[in-house]
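What follows is a short report on a single structure.
Note that the coordinates shown come from a computational prediction; the quantities given were computed from them, not determined experimentally.
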Amino acid sequence: MELADALRTTGAVREFTDEPVEDRTIYEILDTARFAPSGGNRQGWRTILVKDPQVRLGLRDLYLPGWDEYLAMTRAGLVPFAPVTDREAEAEALRAATPRGRGAFADNLHEVPVLIVVLADLRVLAATDRDLDRYTLVGGASVYPFVWSVLLAAHEHGLGGVPTTMLTRAEPEVRELLGVPDHYAVAALLALGHPVRRPTRLRRAAVEEFTTLDRFDGPNFTH
């Protein structure tokens, strides 16, 4: 597959067939993804391939409360968990929340063919925005390129998938369930498998909508 084609067709996949994925395939995906860039080439990711049915159920149960919160805020017209938001409206949405309409992906998370928990070693992330008086973001640049590389490598093997960060809402419980040391953060859960269908018409903003010249309020960049 040409790189440009892979980049334009690796959309989020949340519906999978029952076809299993061989361990060798998972190994090859991770073996390719490990070449992702990271700050200082410190490769601060750690992955846990979760196969045990009871552990999978445990992850599903920890996932659902955060997903219910996400849905409640979405129904209220909010961007869920946005660092800059109306906290009072968010709190009201959560107070009125009821677990309904979760969807098959959330309810059946434990049945996804491949579940990989991605951790970030907080000792090796160059989080240059650590001391700013705002939400810290930069440290993820040393982990999430790896997550994206897993998705691209999976695509090459005919698989699809999606990363979800919902388990960070229950990070202490996830640490306990998986025996994770405190200096690791839960960065993502990767769900992979053979897609029921693969999205072919991805909708994204045009370059002109997110790129300006010289200043934030400069003219839109176009060709």
Are [X] and [Y] packed together at the side-chain level, in the sense that at least one heavy-atom pair is separated by less than 4.5 angstrom?
X: Leu119; Y: Val186; value: yes
X: Leu64; Y: Arg102; value: yes
X: Trp148; Y: Thr10; value: yes
X: Leu125; Y: Val138; value: no
X: His155; Y: Arg198; value: yes
X: Phe16; Y: Asn108; value: no
X: Leu71; Y: Trp67; value: yes
X: Val150; Y: Leu30; value: yes

Restricting to non-hydrogen atoms, name the atom on [X] and the atom on [Y] that form the minimum distance, rounded to 0.1 Å.
X: Gly66; Y: Phe81; result: O-CZ, 4.0 Å
X: Ser149; Y: Ala36; result: OG-CB, 3.6 Å
X: Leu122; Y: Ala185; result: CD2-CB, 3.8 Å
X: Thr85; Y: Glu90; result: CG2-OE1, 3.7 Å
X: Val21; Y: Pro113; result: CG2-CB, 4.3 Å
X: Arg134; Y: Asp129; result: NH1-OD2, 3.1 Å

Practice task
Take Val162 and Thr164, measure what side-chain contact (heavy atoms from CB on, under 4.5 Å) needs, and give me the verdict at the end.
Solution key: CA-CA 6 Å; Val162 66; Thr164 172; 5.6 Å; no
Spatial distance of atom [atom1] ([X]) from atom [atom2] ([Y]) [nearest 0.5 Å]:
X: Leu62; Y: Leu57; atom1: CG; atom2: CG; result: 11.0 Å
X: Arg24; Y: Asp31; atom1: CZ; atom2: CG; result: 7.5 Å
X: Glu208; Y: His223; atom1: CD; atom2: NE2; result: 7.0 Å
X: Arg95; Y: Glu92; atom1: CZ; atom2: CD; result: 4.5 Å
X: Phe216; Y: Thr212; atom1: CZ; atom2: OG1; result: 7.0 Å
X: Leu3; Y: Arg8; atom1: CG; atom2: CZ; result: 11.0 Å

Check whether [X] and [Y] end up in the same hydrophobic cluster, where Ile, Leu, Val, Met, Phe, Trp and Tyr are linked by side-chain heavy atoms less than 4.5 Å apart.
X: Leu115; Y: Ile26; result: no
X: Tyr63; Y: Val147; result: no
X: Leu49; Y: Leu190; result: yes
X: Tyr184; Y: Leu59; result: yes
X: Leu109; Y: Val13; result: yes

Handout entry: Criterion side-chain contact (heavy atoms from CB on, under 4.5 Å) on Asp68 and Leu94, from CA distance to verdict
Key = CA-CA 9 Å; Asp68 288 339; Leu94 294 178; over 6 Å; no
Please check if atom [atom1] in [X] has more than 12 non-hydrogen atoms from other residues, nucleotides or ligands closer than 6.0 Å.
X: Arg175; atom1: CZ; result: yes
X: Glu156; atom1: CD; result: no
X: Tyr70; atom1: OH; result: no
X: Asp217; atom1: CG; result: yes
X: Arg87; atom1: CZ; result: no
X: Asp18; atom1: CG; result: no

Problem - Charged N-O contact under 4.0 Å between Asp121 and Arg46 - result: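 Not counted as a salt bridge, because no side-chain N and carboxylate O are separated by less than 4.0 Å.
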Handout entry: Donor + acceptor pair across side chains of Thr25, His157 (<3.5 Å)
Key = no
Donor-acceptor pair, distance only, cut-off 3.5 Å: does the side chain of [X] make one with the backbone of [Y]?
X: Arg75; Y: Ala93; result: no
X: Arg42; Y: Val124; result: yes
X: Arg130; Y: Thr136; result: no

Exercise for the section: Check the pair Val180, Val174 against side-chain contact (heavy atoms from CB on, under 4.5 Å), reporting the backbone distance first and the verdict last. Expected result: CA-CA 8 Å; Val180 177; Val174 174; 5.6 Å; no
Practice task
Quick one: do Ile29 and Leu159 satisfy side-chain contact (heavy atoms from CB on, under 4.5 Å)? Show the steps, please.
Solution key: CA-CA 10 Å; Ile29 289 169; Leu159 304 178; 3.7 Å; yes
